[in-house]
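Lettering follows sequence order; numbering is per chain, from 1.
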Protein chains: 2
Amino acid sequence: MTRSMQRVAEAVASDPAACAALTVTGLAELTGTSEATVVRTARLLGYPGYRDLRLALAGLAAHQQSGRAPAVTADIAVDDPLPDVVAKLAYDEQQTLADTAAGLDMVQLSAAVGALAGARRTDVYGVGASGLVAQDLTQKLLRIGLIAQAHSDPHLAVTNAVQLRAKDVAVAITHSGSTGDVIEPLRVAFDHGATTIAITGRPDGPVSQYADLVLTTSTARESELRPAAMSSRTSQLLVVDCLFIGVAQRTYESAAPALSASYEALAHRHRSGGPSR
Amino acid sequence: MTRSMQRVAEAVASDPAACAALTVTGLAELTGTSEATVVRTARLLGYPGYRDLRLALAGLAAHQQSGRAPAVTADIAVDDPLPDVVAKLAYDEQQTLADTAAGLDMVQLSAAVGALAGARRTDVYGVGASGLVAQDLTQKLLRIGLIAQAHSDPHLAVTNAVQLRAKDVAVAITHSGSTGDVIEPLRVAFDHGATTIAITGRPDGPVSQYADLVLTTSTARESELRPAAMSSRTSQLLVVDCLFIGVAQRTYESAAPALSASYEALAHRHRSGGPSR
DNA sequence: GATGAGGTGAAGGAAATTTTCGCGCGAAGG
DNA sequence: CCTTCGCGCGAAAATTTCCTTCACCTCATC
């Protein structure tokens, strides 16, 4: 890519919306080049001509705008009106989901699914906010007929971890990657030959030391009003959901009946007075 | 708007993407009209000319497409490869978040925030998957120095609900809106004069009967492999987050120190060996 | 310093868009 | 029933925008 072309490409990249409003001549003037160069650049970018680049730009601009609009300012302030808070939160969590999905290592995930699907039993460790995620994973696994248990009590967790052996799986969930109460039972499980999985936002943290498989969650920025627990939870839950679906797929034969069985069992707990289901 | 113009407008409305790819002449031919009519229609729609309408159309198309693209097929199938599962899940949850944010009644939310911020104590009821959300809300409220408790045991919940009175708040979380185990304690709380809040996907369900305030979560479609619990949880958590931030804002004076205090207290639970924080 | 291989822009040609203008259809009035 | 008028409509001209060609200029290489 030549110098003039770079200038054009730069202008296009830096402000697609503005460029979409410009004609070839306009963009050429803006970048101090000629119309020919603009067209050449468009070609280089993979479009048949400037017209199409312009259309694509309009689309891109619409995208960005839609993405930005709710995040007027990225951070939530103390004096934000409630509608803004809702919009920002929703946007942030969406972003977190996208980041997490993009950053997930499919190989590790696949291996983790395989381990869980074939496990004799599974222990899940998590304390604090991650404890809820641990429970969520456990609930899900139980629903498809697997044997799983969540531990938030570090002592009991270690006591149980001692029982694990090969073919068993231990999962540690910690955002910081350095929560001692979670690392300890994972270490014990690791030492006893179980397959160990870490779900953490810091794949380079101490927890990974004892993890055969590491699933990375997104480490979105936090702010005073928005502690890390919030976005890490969203991210962790997505990973858990992925694990669950993956395992359910692999064990479909047994998972499907188990799912409907648990569903049936709950039906009578819902008052008949309400709208069906 | 004249007949020919209607035809053009219709074509544009029914398939923006296709029209964006068309030239004036093309669109005129497609709609069986003339170029002049197309331009006139564009003017009528508020654009200076067809060129600008087309750009707008491209933007619109990009929007729509972005909504669709990742959802290659909306449902997760048993034989979906893992990367697809991840993408679909992330997309679905993002969609759920957007729906929830869009559907939240700000008046109700604002009132709920006010009630929570001024509550003497808060009880939260939830069983099953919603139980985790209830715990999440409780954890958050506790972190900013409020008195809150989650109940998943229906008997204990009712026993506790009896203690509630005016100025107290009871929150029921149920996706179906008809979970007896959650409705019952809410009813008791309601009868004792507490402010009752329901977080449910069925605002017309029985639970709303005893709720002063109803916060509606999104009721995304579920599928065999993706039980309702999954998307309802995402939605519920967003509502909880909104409540939390709202309350934290209103009680900022006391919430801020409480937040940092709880943070400090946890610091030593993280091994120093890892990367900081 | 000569030579050649691109990068670059000016100008002309093609295609798009916009405007103009007149035709024809239907409604209202004689 | 006929005339007249208004107006929607489209063909074609006018204009703008976009694309192509070609000649010039720059810079690296020998």
Side-chain angles (χ1 to χ4, degrees), chain A residues 1-69, chain B residues 1-70 72:
Chain A
M1 183 176 276
T2 71
R3 202 143 2 102
S4 312
M5 282 173 156
Q6 273 182 340
R7 276 215 302 286
V8 175
E10 214 167 288
V12 164
S14 74
D15 194 350
C19 293
L22 254 53
T23 171
V24 205
T25 320
L27 186 53
E29 263 180 40
L30 179 75
T31 56
T33 67
S34 70
E35 300 162 27
T37 302
V38 172
V39 174
R40 272 193 286 264
T41 310
R43 293 262 162 74
L44 197 73
L45 294 175
Y47 300 92
Y50 176 69
R51 196 185 306 280
D52 296 79
L53 167 65
R54 199 175 164 185
L55 281 177
L57 241 45
L60 200 93
H63 246 258
Q64 293 199 342
Q65 201 181 18
S66 80
R68 259 182 231 152
Chain B
M1 183 175 274
T2 71
R3 203 141 5 100
S4 312
M5 281 172 155
Q6 272 182 341
R7 275 216 302 286
V8 176
E10 214 167 290
V12 165
S14 74
D15 193 349
C19 293
L22 253 53
T23 169
V24 203
T25 320
L27 185 53
E29 262 179 40
L30 179 75
T31 57
T33 66
S34 70
E35 300 158 25
T37 303
V38 172
V39 173
R40 272 192 286 266
T41 310
R43 294 260 162 76
L44 197 74
L45 294 175
Y47 299 93
Y50 176 69
R51 196 186 306 279
D52 297 78
L53 168 64
R54 198 175 166 187
L55 283 176
L57 241 45
L60 202 93
H63 248 256
Q64 294 196 344
Q65 201 182 18
S66 82
R68 263 178 231 151
V72 197

Identify every side-chain donor-acceptor pair in residues 5-20 of chain A under 3.5 Å, counting partners at least two apart or on other chains, and give the distances.
residue	atom	partner	partner atom	Å
A:Arg7	NE	A:Thr31	O	2.8
A:Arg7	NH2	A:Thr31	O	3.3
A:Arg7	NH2	A:Gly32	O	3.3
A:Ser14	OG	A:Glu10	O	3.3
A:Ser14	OG	A:Ala11	O	3.2
A:Asp15	OD1	A:Ala17	N	3.4
A:Asp15	OD1	A:Ala18	N	3.2

Name the atoms and distances for all side-chain donor-acceptor pairs under 3.5 Å in residues 21-30 of chain A, with sequence neighbours left out.
none

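In this structure, CG in A:Leu53 is found 10.0 Å from CG in A:Leu60, a value given to the nearest 0.5 Å.
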Protein heavy-atom contacts under 4.0 Å, written 5' to 3' over nucleotides 7-20 of chain D as B (base), S (sugar-phosphate only) or - (none), form the string -SBBB-----SSBB

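Going from atom CG of B:Leu53 over to atom C1' of C:dA16 covers 15 Å, rounded to whole Å.
The side-chain hydrogen bond (donor to acceptor under 3.5 Å, both in side chains) test applied to B:Thr37 returns B:Ser34, not counting sequence neighbours.
Rounded to 10 degrees, the angle between the two end axes of the helix from C:dG1-D:dC30 to C:dG30-D:dC1 is 10°, with five pairs used at each end.
Sorted by first and then second residue, the side-chain hydrogen bond (donor to acceptor under 3.5 Å, both in side chains) pairs involving residues 39-61 of chain B (not counting sequence neighbours) form an empty list.
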